[in-house]
Student: 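Take this structure first; my questions come after.
Proteins come first, then strands; the chains are lettered A, B, ... in the order of their sequence lines, and each starts at number 1. Only this structure's heavy atoms are used, side chains among them; waters, hydrogens and symmetry mates stay out.
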Amino acid sequence: MEPGIVTRFAPSPTGALHPGNARTALFSFLLARSAGGRFILRVEDTDRARGRDDFIAAQQADLAWLGIAWDAGPDRNDGRGPYRQSERGAVYEGLYERLEREGHAYPCYCTPAELDMARRSQLAAGEPPRYPGTCRKLDAAARAERVAAGRRPGLRFAIPGPEIVRFDDLVRGPQAVDASTLGDFLVRRADGGAVFFFCNAVDDALMGVSQVLRGDDHLSNTPRQLLLLRALGLRAPRYGHLPLLLDASGAPQSKRRGSVTIAELREQGYLASAVSNYLLRLGHHGAPDEWVEPAEFAKHFHADKLGRAPAHFDPVQLAHWQREAVRRLDGDAAAAWLAPVFPGNWPANRRADAARLLLGNVLLPRDAREWLAVLDGELGPLAADARSAIVEAGPEFFSAALVSFAEAGADLKALAAGLGKRTGRKGAALYRPLRFALTGRHDGPELAALLAAIPQPLVRERLAGAARLGGN
RNA sequence: GCUCCCAUCGUCUAGAGGCCUAGGACACAGCCCUCUCAAGGCUGGUACGAGGGUUCGAAUCCCUCUGGGAGCGCCA
């Protein structure tokens, strides 16, 4: 019985999710969805020193926010779990035993200091630093001696004799690696903990994962996992290695360099659909140039259209998708999006009106903040362009505006008609000074909508102020 | 150090020997539209890292170099 496509995302809870991780997760999720398969989430928390539970929750929140939904995971066992590696010790125990019994692994008593020394001398001799095989040929007596000395062994996988390991990478195509260049690697630490190469590969197999999309950095390690799985008689997934995501500057993304996290993007007000639309096109050319609704993503994801060259995370491109996403917000969603910047005492309908009004001129909620002053506050000192436009129009223009406003109210069309009749101005000559007097700035939404949104006493105040200014 | 991966406009990319005087999107510039900004329409500039081959013909194949990245961990 063919279970179909199963993919997974397997983060270790050692930090916040970055765009690179998120993109790998998204692609894996879409790979499964596009084939009607299943997507699972596995937490690789074998490093109890660096892992933190709050990161697990944070990562899951980020994934959920991006619309990446897992069919099975730590919170959702389907019988093949548990999905936290820290809870899978019993599963691993049996495998360690088998590996050792069948001669695929051996206890290693080397200390970190000894290993480090070996590495240094290999490096100095111009050789790749590999485990020298010290404990591989230890006899029973030698082992007993080390145990008696109080040494606790790790378990090391024995790379079999010379051979060429071949696999067909989902994105790189056929690969061939000489196994003799591989050193015996640890599968269990001296403290009993599982090591990545081991638990990662084993869990994929045990959980029925059929395709693995992961970072480029795992490409050269793949043969180890293939050899290990074969020794265990487990079926290996098909691997696909995605190029790493770089910063705009071209450097690898890293916490140290302050690369943005998904959580930070969300806090800044980027919309999930904007981020995911952007991610969908980073190193993947299966999607059209136009906006795609997240619900349609799976239709536009094609594993054979994954790029091999590293992509840069570019805020300018993200801004484009953000603009597209903002444009698509409806009234309620827009009001909710801008809620953080609205005054707490604004009623729902005012929020919705203001949100609708501002949508075309706002990329992030913080951009709306300065518009709030225009809508209901102090304009502050006038900028040079505003001042000169107002002075140019002159005091009688604004006096006339005041009269016209008294007649027409917030109906800009009527106001402009009356003002035009009184001053002989029309078009830009009329609207420009009006806009500056009312908003203090040259850009913004339709003046008609603005006029309707600004409380009338404020309109009078600003027109009067402009009349005074023009008189000076 | 050794091994491996990658290399087209500023960015994301199309391109699997002739369809490429290299196409699209974003960004940028100009024009149109318009009360402004944005949106929309039109126009424009900008790229095959370098050098050798192979071929009638190369962005596409091969080699070298350069540049970038990764792996070689009792990190994942």
Student: Under 30°, 30 to 60°, or over 60°: which ring-plane class applies to A:Phe301 and A:Phe27, parallel, tilted or perpendicular?
Tutor: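 Tilted: the ring planes of A:Phe301 and A:Phe27 meet at 30° to 60°.
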Student: Could you go through A:Ser34 and A:His300, starting from their C-alpha distance and side-chain angles, then the distance that decides it, and tell me whether this counts as side-chain hydrogen bond (donor to acceptor under 3.5 Å, both in side chains)?
Tutor: CA-CA 8 Å; A:Ser34 64; A:His300 298 286; over 6 Å; no
Student: Sticking with atom C1', work out how far B:A25 lies from B:U21, rounded to a whole angstrom.
Tutor: 22 Å
Student: What is the nucleic acid contact for A:Gly215, judged by heavy atoms within less than 4.0 Å: base, sugar-phosphate only, or nothing?
Tutor: nothing
Student: Are A:Asp45 and A:Arg84 close enough for a salt bridge, meaning some N to O gap below 4.0 Å?
Tutor: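 Looking at A:Asp45 and A:Arg84, the cut-off is met.
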Student: Taking A:Arg23 for its side chain and A:Leu282 for its backbone only, find out whether a donor-acceptor pair lies under 3.5 Å.
Tutor: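 A pair under 3.5 Å: yes.
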Student: Is the closest side-chain heavy-atom distance between A:Leu306 and A:Leu170 below 4.5 Å?
Tutor: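 Sidechains of A:Leu170 and A:Leu306: no contact.
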Student: For the P atoms, the ones on B:C63 and on B:U54, what distance do you get once it is rounded to whole angstrom?
Tutor: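 Here B:C63 and B:U54 have their P atoms 15 Å from each other.
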Student: Could you write nucleotides 26-41 of chain B as a row of B, S and -, 5' to 3', where a protein heavy atom under 4.0 Å of any base atom gives B, of only sugar-phosphate atoms gives S, and otherwise -?
Tutor: BS-------BBBSS--
Student: Would you give a per-nucleotide map of nucleotides 66-76 of chain B, 5' to 3', where B means the base has a protein non-hydrogen atom under 4.0 Å away, S means only the sugar-phosphate does, and - means neither?
Tutor: ---SSSBSBBB
Student: Can we call the ring centroids of A:Phe29 and A:Phe297 under 6.0 Å apart?
Tutor: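 Ring centroids of A:Phe29 and A:Phe297 are no less than 6.0 Å from each other.
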Student: How are the rings of A:Trp291 and A:Trp321 set relative to one another: parallel (under 30°), tilted (30 to 60°) or perpendicular (over 60°)?
Tutor: tilted
Student: For the residue pair A:Tyr92 and A:Tyr96, does the interplanar ring angle fall in the parallel (under 30°), tilted (30 to 60°) or perpendicular (over 60°) class?
Tutor: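 Aromatic pair A:Tyr92/A:Tyr96 classed tilted.
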Student: Mind checking the C1' distance from B:A27 to B:U11? Whole angstroms is fine.
Tutor: 8 Å
